[in-house]
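Notes follow the structure.
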Amino acid sequence: MYTASVPVALQALDQALILIDKAAPEMLAARLHPGMFDCAGQFCTVASFALRGTFPLTDREPPDLPQTDPYRALEIARAAVMSLQPTDFADADHRRIVHRAGFADLNQSAQAYLQHFAQPNLWFHLSMAFAILRQHGADIGKTAFDGLHEYPTGFAFDD
């Protein structure tokens, strides 16, 4: 479970830190749609899901995160995830994770929790932060989102 959770959380956190560095301060208050988190809230939720996708699989308690300072929340989450060791996940395959998803009460195997809840939500909120920044003119592309893709300067799919 360590290799399925920690590297994925760290990749998302690293990309979130790259993206937030590209955000003008006013962009952090922007949102895609009324009723959704603003960009700052999306980044704070990325930090939260990095912890939610790792710590429930261990015997360790996650740190508290600030809800009003997204950059600090991402830094704290990154340091906390970095502190996890493979031995912390020794019993993960036998765990049941009881949690809430919105207003739904769930009881999932650790694997189902990680693959069907924690990681999809981690990437969803990173995607929303990316979309808000992109919509408001941040100079970012897919490389800033996942750290894997590469495109030439000025490339567009609609040419």
Side-chain angles (χ1 to χ4, degrees), residues 1-85 88-89 92 97-106 108 110 113-151 153:
M1 285 292 202
Y2 174 89
T3 57
S5 62
V6 169
V8 175
L10 290 173
Q11 180 186 9
L13 289 165
D14 287 345
Q15 297 315 123
L17 287 163
I18 288 169
L19 289 170
I20 203 168
D21 280 343
K22 304 275 188 180
E26 66 275 5
M27 291 178 185
L28 294 177
R31 58 186 78 232
L32 285 179
H33 192 272
M36 291 182 75
F37 290 139
D38 62 14
C39 192
Q42 298 291 353
F43 280 123
C44 286
T45 306
V46 168
S48 176
F49 270 103
L51 298 180
R52 288 180 75 181
T54 52
F55 278 81
L57 307 174
T58 74
D59 284 325
R60 295 182 54 190
E61 287 295 317
D64 291 329
L65 296 174
Q67 295 303 305
T68 58
D69 184 347
Y71 191 84
R72 186 77 184 121
L74 292 167
E75 287 182 323
I76 290 168
R78 189 176 191 292
V81 173
M82 286 287 296
S83 76
L84 295 171
Q85 301 298 313
D88 295 324
F89 294 78
I97 310 297
V98 177
H99 64 104
R100 287 187 64 88
F103 295 99
D105 293 316
L106 301 175
Q108 296 178 290
Y113 171 79
L114 179 64
Q115 292 177 330
H116 300 287
F117 175 73
Q119 288 180 342
N121 276 281
L122 172 71
W123 292 104
F124 170 82
H125 289 285
L126 186 61
S127 296
M128 295 302 100
F130 175 89
I132 293 166
L133 295 179
R134 183 79 182 203
Q135 181 184 49
H136 286 85
D139 185 18
I140 56 174
K142 201 164 184 182
T143 302
F145 174 76
D146 70 9
L148 302 172
H149 284 79
E150 234 180 83
Y151 294 101
T153 302

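Contact annotation: the side chain of L126 never approaches that of F49 to less than 4.5 Å [non-hydrogen atoms, C-beta and beyond]. S5 is listed as a side-chain neighbour of F89, based on a closest heavy-atom distance under 4.5 Å. For the pair L17 and Y71, the minimum side-chain heavy-atom distance is below 4.5 Å. Put simply, the side chain of R78 reaches to within 4.5 Å of the side chain of D14, judged on heavy atoms. Taking the side chain as every heavy atom from C-beta outward, C39 and L133 approach each other to under 4.5 Å. By the 4.5 Å heavy-atom criterion applied to side chains, L84 and F55 are counted as neighbours. A heavy-atom distance below 4.5 Å is not found between the side chains of V46 and P70. Using a 4.5 Å cut-off on side-chain heavy atoms (C-beta onward), Q108 and H99 make contact.
Note that CG of D38 and SG of C44 are 8.5 Å apart. Values are rounded to the nearest 0.5 Å. In this structure, L32 CG and H136 NE2 are separated by 8.0 Å, a value rounded to the nearest 0.5 Å. Residue I132 holds its CD1 atom at 11.5 Å from CG of L19, rounded to the nearest 0.5 Å. Distance NZ/K142 to CZ/F130: 9.0 Å, rounded to 0.5 Å.
Of all heavy-atom pairs spanning L51 and P63, the tightest one is CD1-O, 3.7 Å. The two residues Q135 and R31 have their closest heavy-atom pair at OE1-O, 4.1 Å. Shortest non-hydrogen contact noted between M1 and A92 is CG-CB, 3.5 Å. Between A47 and L13 the shortest heavy-atom distance is CA-CD2, 4.0 Å. For A9 against L122, the heavy-atom pair with the smallest separation is CA-CD2, 4.1 Å. Across all non-hydrogen atoms, the minimal contact from G53 to A118 is CA-CB, 3.5 Å.
By the 6.0 Å contact criterion, CZ on F37 is open, its count of non-hydrogen atoms from other residues, nucleotides or ligands being 12 or less. Sparse packing is recorded around CG of D64, with 12 or fewer heavy atoms of other residues, nucleotides or ligands lying under 6.0 Å away. Within a 6.0 Å sphere centred on CD of E26, heavy atoms belonging to other residues, nucleotides or ligands number more than 12. Counting non-hydrogen atoms of neighbouring residues, nucleotides and ligands closer than 6.0 angstrom, the CE atom of M82 reaches no more than 12 such neighbours.
Salt-bridge annotation for K22 and D139: absent, with no side-chain N of the basic residue lying under 4.0 Å from a carboxylate O of the acidic one. With respect to the salt-bridge test (charged N to carboxylate O, under 4.0 angstrom), the residues R72 and E75 qualify.
Between the side chain of T45 and the main chain of G41, a donor-acceptor pair closer than 3.5 Å is present. Using modelled atom types, one side-chain atom of Q11 and one backbone atom of D146 make a donor-acceptor pair closer than 3.5 Å. Within the 3.5 Å criterion, the main-chain N or O of A4 finds a donor-acceptor partner in the side chain of Q119.
By the 30° and 60° cut-offs, the orientation of the rings of F117 relative to Y113 is tilted.
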Please test F145 against W123 for ring-ring contact (aromatic ring centres under 6.0 Å, His included), starting from the C-alpha separation and ending with a verdict.
CA-CA 10 Å; F145 174 76; W123 292 104; 5.8 Å; yes
For L28 and I20: C-alpha separation, side-chain torsions, deciding distance, then whether side-chain contact (heavy atoms from CB on, under 4.5 Å) applies.
CA-CA 8 Å; L28 294 177; I20 203 168; 4.1 Å; yes
